[in-house]
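In what follows, a structure is listed as structure tokens, so that the remarks can point back to it.
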Amino acid sequence: MSNYWNKRIECMERTEMRALQTERLKRVVDRVYHNCQPYRERMQAAGITPADIQSIDDIRKLPFTSKKDLRDYYPWGLLSVPLSQIVKIHASSGTTGKPIVVGYTRNDVADWAEAGARCLTAYGLDKDDVIQVSYGYGLFTGGLGAHDAAMNIGATTIPTSAGNTEKQLLLMHDLGTTALACTPSYALYLAESLEKSGIPRNEIKVKVGIFGAEPWTEEMRKEIEYRLGIKAYDIYGLTEISGPGVGFECECQNGTHLSEDLFYPEIINPETGEVLPDGQEGELVFTTLNKEGMPLIRFRTRDITSISHERCACGRTLAKMSRILARTDDMLIIRGVNVFPSQVEAVLCTLKEVEPHFFITVDRVNNTDTFDIDVEVKEEYYSDMMSEMEKLRKKIAHAIQSVVGIQPNIRPVAPNTIERSQGKAKRALDKRKFK
Ligand code: ADP
Ligand code: ZN
């Protein structure tokens, strides 16, 4: 049976949820219209006023907001309150140029910690747990976001931040950590380091992983669960909307619940902006229904997923999205074919000879796209014999081709040569962008 942090909201009947969303949408639209000039100008250009928003469905009348808007109005052009009411800021690296800066009021921070507490509770955690937060602390939302959520449920919170892996393991062992929060790629690195450390696994109490901030596949989940001997849950978030905790998996692990009383989700066709029905894949869009500092209306995340509003077996009625495996920013178009690093990850997790550590390099030579993947071979399979490595190269290339549709050039590399990630893993370099 599931545990809830806020049962009233998490299991709210649809009609009641829609009424709450309507009330909050009206309020937030009113707020941005009167307090934030860029929103007012856009709404005026679209010929709408707050009076046109009478139901949550009227959200479709409102213009979208994009990452570009956050850059164009950098740093404070999209604030809806005076800076004196902002108690904290975070920033996202974005893909290019200027960072995206977000300001939170005291209530925004409290809502974020509420959303985070719902996640941790769904993972079965409570005040008796010891939560080690190995997401980076700082401008990145991961560390402080998970920290506030852990404190909110009253757990013993260890703010190790990312890095210093030996010390992470020492504290994990000595302080009896029961839940680990970090990126899945760092979890894999910690698992590897634990295996080498000589610390007996039965002296480690970790049972739950709180993993997110980057795409990770079911195959990677199995790999980490097996190697760390834990249950690994997805947590989703993004700086612009708040940070980790916008979405979370329940024990059913067949989708990521969204705290839709705070963050209203829509799926759109990224080409036309048309809202798509449940089950159809498209770009995820969020409206912050309760935010004061920097409310965002119909913010386009560039994350690709689909949504379902069916009641979940866990009892929650909160909408669920499918795992985000594709972020338009990560998509590589190679010889006309769309390739996502997560597809490569999924394949490598199924091959016994290699570690899921890889790096993709794409370039253009003589007008043809090249697609190279460095893949780390396991100690016991790594050989000096050319013929052995050639066989392995072909096997990996075929396996990847059967999933992505084009054949990569595999470059097997020695164990422990690919740089390990302590935060969000960087898995590809597209040299064509620099030409
Ligand atoms: P940046 O854009 O610099 O990466 P953020 O830290 O705000 O900044 O990252 C948010 C993004 O990270 C999301 O939009 C999504 O692409 C990715 N992300 C976060 N959590 C997950 C998750 N659980 N699964 C897949 N992708 C995730
Ligand atoms: Zn559920």
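Keep in mind that what you see is a predicted model, and the values were worked out from it rather than measured. All ligand and atom numbering here is 1-based and tracks the order in the structure.
- Only the backbone of Ile235 comes within 4.0 Å of ligand 1, counting heavy atoms alone; no side-chain atom from C-beta on gets that close.
- Aromatic rings of Tyr233 and Tyr123 (six-membered ring for Trp) have centroids within the 6.0 Å cut-off, being under it.
- Between SG of Cys314 and SG of Cys250, the angle at the Zn ion (ligand 2) works out to 110°, rounded to 10 degrees.
- The atom name of the N/O/S atom in His257 closest to the Zn ion (ligand 2) is NE2.
- The proximity of Thr239 to ligand 1, defined as any non-hydrogen pair under 4.0 Å, involves the side chain as well as the backbone.
- Side-chain contact between Phe140 and His90 is absent, with no heavy-atom pair separated by less than 4.5 Å.
- If you check the side chains of Arg27 and Asn290, you find a donor sitting under 3.5 Å from an acceptor.
- Considering each of Ala91, Pro99, Ala213, the one bringing a non-hydrogen atom nearest atom 21 (C) of ligand 1 is Ala213.
- Of the candidates Leu180, Val206, Val208, Ile230 forms a side chain to side chain contact (heavy atoms under 4.5 Å, CB included) with just one, namely Val206.
- When Lys424, Arg323, Lys67 are checked for heavy-atom proximity to atom 6 (O) of ligand 1, Lys424 turns out nearest.
- Classified by interplanar angle (parallel below 30°, tilted 30° to 60°, perpendicular above 60°), the ring pair Tyr104/Trp112 is parallel.
- Counting the atoms of ligand 1 from 1 in the order shown, those under 4.0 Å from a heavy atom of Arg327 are 1 (P), 2 (O), 4 (O), 11 (C), 12 (O), 16 (O).
- The distance from ligand 1 to the heavy atoms of Gly212 drops below 4.0 Å at these ligand atoms: 23 (N).
- An N or O contact shorter than 3.5 Å is missing between Leu238 and ligand 1 by distance.
- The distance from ligand 1 to the heavy atoms of Phe140 drops below 4.0 Å at these ligand atoms: 6 (O).
- Taking every non-hydrogen atom of Gly237 and a distance limit under 4.0 Å, the qualifying atoms of ligand 1 come out as 10 (C), 13 (C), 19 (C), 20 (N).
- Inclusion of Thr301 in the set of residues having an N or O under 3.5 Å from an N or O of ligand 1 is not warranted.
- Checked against the 6.0 Å centroid threshold, His147 and Tyr137 count as a close aromatic pair.
- Side-chain contact check for Thr256 and Glu249: no donor-acceptor pair (N or O, by modelled atom type) lies under 3.5 Å.
- Taking the side chain as every heavy atom from C-beta outward, Thr288 and Tyr264 never approach each other to under 4.5 Å.
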